[in-house]
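One structure below.
Chain letters run A, B, ... following the sequence lines, proteins first, then strands; residues in each count from 1.
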There are 2 protein chains.
Amino acid sequence: MVPHDDGASAPPAEDAPSSSGFLDDGKNTIGSQLASRLREAIISGELQAGSKINLDKARKTFNVSLSPLREGLARLISDGLVEFEDNRGYRVSSISLANLEEITVLREELEVFALRESMRIGDVEWEGNVMRALHRLNRTERDAARPETLERWEEFHREFHLTLISGCGKPILLHFCSLLLNLNDRYRRVFLTRTSGDRNVSQEHSEIAQGAVARDLDYACDMLRQHIHRTGTNLRNHLATKGTL
Amino acid sequence: MVPHDDGASAPPAEDAPSSSGFLDDGKNTIGSQLASRLREAIISGELQAGSKINLDKARKTFNVSLSPLREGLARLISDGLVEFEDNRGYRVSSISLANLEEITVLREELEVFALRESMRIGDVEWEGNVMRALHRLNRTERDAARPETLERWEEFHREFHLTLISGCGKPILLHFCSLLLNLNDRYRRVFLTRTSGDRNVSQEHSEIAQGAVARDLDYACDMLRQHIHRTGTNLRNHLATKGTL
DNA sequence: CCTTGACAGATAATCGATTATTTGGATAGT
DNA sequence: ACTATCCAAATAATCGATTATCTGTCAAGG
């Protein structure tokens, strides 16, 4: 058995190919790396919603050739972050009130359903993963002044929600939830750099997680639904205020 | 230089299911056309589930270059019909009992939810579309001896189910349902060339549609759920019998 | 002044060739 | 015999250049 160097994500050297590293995991091809970079650029708001993606400029910006660029963009289409039309190219998916509301509603339906299934059939390892994800999340500070803490918090937050439903044994459902989470996170990162004053998000997460491992189906599902709903409401308000739609 | 076309080149405008399409195309690029051809090949079972897709062979089979081939395959990944791994290429998604059951369960959840929403907010035009889709479907014969009737029936059947939920005003949800329908249709086309004897599928569709336009929420949803469930059960039985899984 | 059509620049799609990676099999060492 | 290592064929990824398509502009005709 190979020691699986887990731990914190090692900062990948900018351009260091395989030479000495024997543990080169996932992101091997340029296309894959691009997909990650583009995804981050879109979710973080660096690439504005609705804007056109000029292949030539993108090619120069990222110092890659067309083929891997298209490859990367193709994956973001699967993620719902990029749209495409024949002969007309790619553009960053638009945001809108209706879109946000749909995402929220679908998260309430799907994530809650997945949580229920997880509680129904999840095993002890799942419980452990949930508690770990909760702990890491609540131990991570979220300081709007330091962007790197935001990014880290976002990562752990996403991880927490996915872990929560990871016991459901339904890969397609997990895939759907993952997409919705992606879409939702973009709204939060663009419009919400801090938590609304009247919420204690850490406590909300704790309540959900503890209800989940205690297999208190109705309680946990209700907490999760409210959690999602509150976030949706907050986002809607900020979108209405700041957004120029 | 002109790409020489061997005999297989069919008139590309042939399969125009666009009910209202005065603008003929949409399938402009080679990549788009390939996506359609590959999708049909997979759903119909021509390309066996789980099999590897050799790019070189596929390139020759379809008389295209690598770029559009990858383009087309990328779209099928979005559809869940093809899987991909870095440096290891593409393969047709596997089928399994668990996969079938998940698809069925998710269809029951999502399609029924979408139907309810459609009945709640769908307009008169939606009602009309439903009735038209129902009529076309029930007027189309399904003769296992003539494959072209099967294809046509499948097309109308898919169209019916999508139309039924098209009034819900939720594009992402519709997208999810469309994917699930794709995945489900593959099972049916591989394992069920005719309807189970104890079912009257036309009547089932009629009941759903009429309940829908009558806005009888609970009735229509219940009928749809049963309809999906029965299909799932039938498929499971055939899969257990014929399939070597 | 408005419409129509043609031209040119911009942009996307595709190709053929090249480079990188994986995989299976042969070979050498224990 | 068994394992590890290295090679070569197969396969995927990437590149640079070419071809096809679109889009805006401008001039001619009504």
Between [N] atom [atom2] and [X] atom [atom1], what is the distance in whole Å?
{"X": "A/N87", "N": "D/dT21", "atom1": "CG", "atom2": "P", "answer": "7 Å"}
{"X": "A/N28", "N": "C/dA20", "atom1": "CG", "atom2": "C1'", "answer": "11 Å"}
{"X": "A/K60", "N": "D/dG16", "atom1": "NZ", "atom2": "C1'", "answer": "14 Å"}
{"X": "A/F84", "N": "C/dA12", "atom1": "CZ", "atom2": "P", "answer": "10 Å"}
{"X": "A/D86", "N": "D/dT23", "atom1": "CG", "atom2": "P", "answer": "13 Å"}
{"X": "A/D56", "N": "C/dT14", "atom1": "CG", "atom2": "C1'", "answer": "15 Å"}
{"X": "B/R91", "N": "C/dT22", "atom1": "CZ", "atom2": "C1'", "answer": "14 Å"}
{"X": "A/L69", "N": "C/dA13", "atom1": "CG", "atom2": "P", "answer": "11 Å"}

Could you check whether [X] gets within reach of a base, just the sugar-phosphate, or nothing at all, counting any heavy atom under 4.0 Å?
{"X": "A/R70", "value": "base"}
{"X": "B/I30", "value": "sugar-phosphate"}
{"X": "A/I53", "value": "sugar-phosphate"}
{"X": "A/K52", "value": "sugar-phosphate"}

Want to settle it: does B/L66 or B/E71 sit nearer the 5' end of DNA chain C, counting the closest nucleotide to each?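 Looking at DNA chain C, the more 5' nearest nucleotide goes with B/E71.
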Within the 4.5 Å heavy-atom criterion, are B/L106 and A/F113 side-chain neighbours or not? yes
Closest approach to the side chain of [X], judged atom by atom: which nucleotide of [options] is it?
{"X": "A/S65", "options": "D/dC22, C/dT22, D/dG16", "answer": "D/dG16"}
{"X": "B/P68", "options": "C/dT14, D/dT21, C/dT21", "answer": "C/dT14"}
{"X": "A/N54", "options": "C/dT11, C/dC15, C/dA13", "answer": "C/dT11"}

A/E148 CD: over 12 foreign heavy atoms closer than 6.0 Å: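 Counting neighbours around CD of A/E148, more than 12 heavy atoms of other residues, nucleotides or ligands fall under 6.0 Å, so yes.
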Any carboxylate oxygen within less than 4.0 angstrom of a Lys/Arg side-chain nitrogen, looking at A/E85 and A/R91?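 A salt bridge is absent here (no side-chain N lies under 4.0 Å from a carboxylate O).
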Salt bridge flag under 4.0 Å for residues A/R70 and B/E71: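 The answer is yes: the pair qualifies as a salt bridge.
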Between A/Y90 and A/N54, a side-chain donor and acceptor under 3.5 Å: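 Note: A/Y90 and A/N54 side chains miss the donor-acceptor criterion.
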OP1, OP2 of C/dT23 versus side-chain N and O of B/R88: anything below 4.0 Å? yes
